[in-house]
Amino acid sequence: MSDLRDQMRRAREAWFERGAFGFLIRRPTIEQLRAWRELPWSDMLGRCVVDWRGVRVIDLVPNGTVADAEFDADALAEWLADDPELMGALAEELQRRIADHAAKREAAEKN
C-alpha cells in the first residue's frame with residue numbers, strides 16, 4: 001500500500017471515546033458507502049472500526065485476564081452483536097461523521 005494512500009486513510013480516521021474504551025473509526029469513502037448501502041450496521045462497523053484502546057481481555061471474556069486485548073475485527077463483531085448499546089453509540093458516531101463530511105463537501109461545492 002502506498003504511503004500517500006495510507007495518509008489519505010488516516011485523514012478519515014478519528015478516535016471515539018466510550019467510557020474507558022476508545023475506538024478508531026475510519027469514515028468510509030463515498031464509493032464504499034454506495035457499495036455497503038445494504039449492509040447491516042454491525043457489518044459496516046466491522047469495516048469502519050479499525051482499532052481500539054483500553055479494551056482488556058476481561059472486558060470481552062468473563063474471567064479473562066486484565067491484559068490489553070489486541071484489536072481483532074472478528075472479536076469486535078462478536079462484542080457488538082452482544083452489546084446493542086455500544087453498537088448504537090458507534091453507529092451514531094459513524095453516521096455523524098458521514099453527515100459532517102457530506103455537509104463539508106456540499107459547502108465546498110457552493111463556493
Q: Just grab all the salt bridge (Lys or Arg N to Asp or Glu O under 4.0 Å) pairs involving residues 77-104, residues at least two apart or on different chains.
A: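 Checked against salt bridge (Lys or Arg N to Asp or Glu O under 4.0 Å) - neighbours excluded - the pairs reaching residues 77-104 are Glu93-Arg96, Glu93-Arg97, Arg96-Asp100.
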Q: Nearest 0.5 angstrom please: Ile98 CD1 to Leu33 CG, how far?
A: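 Result: 4.5 Å between the selected atoms.
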Q: So, taking the atom named CG in Asp51 and the one named CZ in Phe23, what distance separates them when rounded to the nearest 0.5 Å?
A: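 Taking CG in Asp51 and CZ in Phe23, the distance rounds to 10.5 Å.
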Q: Testing the basics here: between Glu17 and Trp15, what is the closest heavy-atom pair and its distance to 0.1 Å?
A: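 Minimum heavy-atom separation between Glu17 and Trp15: OE2-CB, 3.8 Å.
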Q: Are Val57 and Leu60 connected into the same hydrophobic cluster when the rule is that any two of I, L, V, M, F, W, Y join if their side-chain heavy atoms are below 4.5 Å apart?
A: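 Yes, Leu60 and Val57 fall within the same hydrophobic cluster.
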Q: As an exercise, state the distance from CD of Gln32 to CG of Leu39, rounded to the nearest 0.5 Å.
A: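 Atom-to-atom, Gln32:CD and Leu39:CG are 11.0 Å apart.
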Q: Do Arg47 and Pro28 come close enough that some side-chain heavy atom pair is under 4.5 Å?
A: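 Sidechains of Pro28 and Arg47: no contact.
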Q: Look only at the side chain of Arg12 and the backbone of Arg27, and say whether a donor-acceptor pair between them is shorter than 3.5 Å.
A: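 At least one qualifying donor-acceptor pair exists.
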Q: Nearest 0.5 Å, please: how far is CH2 in Trp36 from CG in Asp43?
A: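 Spacing of CG (Asp43) from CH2 (Trp36) equals 10.5 Å.
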Q: Would you call the rings of Trp52 and Phe71 parallel, tilted or perpendicular, taking 30° and 60° as the class edges?
A: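 Plane angle over 60°, so perpendicular.
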Q: Determine, stepwise, if the pair Arg56 / Asp59 fulfils salt bridge (charged side-chain N to carboxylate O under 4.0 Å, His left out).
A: CA-CA 5 Å; Arg56 303 167 304 166; Asp59 297 318; 3.1 Å; yes
Q: Answer yes if Val49 and Leu24 sit in the same cluster of Ile, Leu, Val, Met, Phe, Trp and Tyr residues linked by side chain heavy atoms under 4.5 Å apart, and no otherwise.
A: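 As far as the 4.5 Å side-chain criterion goes, Leu24 and Val49 are not connected within one cluster.
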Q: Does Trp79 belong to the same Ile/Leu/Val/Met/Phe/Trp/Tyr cluster as Val50, with side-chain heavy atoms less than 4.5 Å apart forming each link?
A: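 No, because Trp79 and Val50 fall into different hydrophobic clusters, even though each may have its own neighbours under 4.5 Å.
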Q: Whether Glu13 and Arg10 form a salt bridge (side-chain N of Lys/Arg under 4.0 Å from carboxylate O of Asp/Glu) is what I want to check.
A: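 No, Arg10 and Glu13 are not salt-bridged.
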Q: Distance from Cys48 atom SG to Leu76 atom CG, nearest 0.5 Å?
A: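 Interatomic distance, Cys48 SG to Leu76 CG, rounded to 0.5 Å: 11.0 Å.
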Q: List the steps, then state whether side chain to side chain contact (heavy atoms under 4.5 Å, CB included) holds for Leu94 with Trp41.
A: CA-CA 10 Å; Leu94 180 57; Trp41 274 106; 3.7 Å; yes
Q: What salt bridge (Lys or Arg N to Asp or Glu O under 4.0 Å) pairs are there with at least one residue in residues 66-77, not counting sequence neighbours?
A: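 Applying salt bridge (Lys or Arg N to Asp or Glu O under 4.0 Å) to every pair that reaches into residues 66-77, excluding sequence neighbours, yields nothing.
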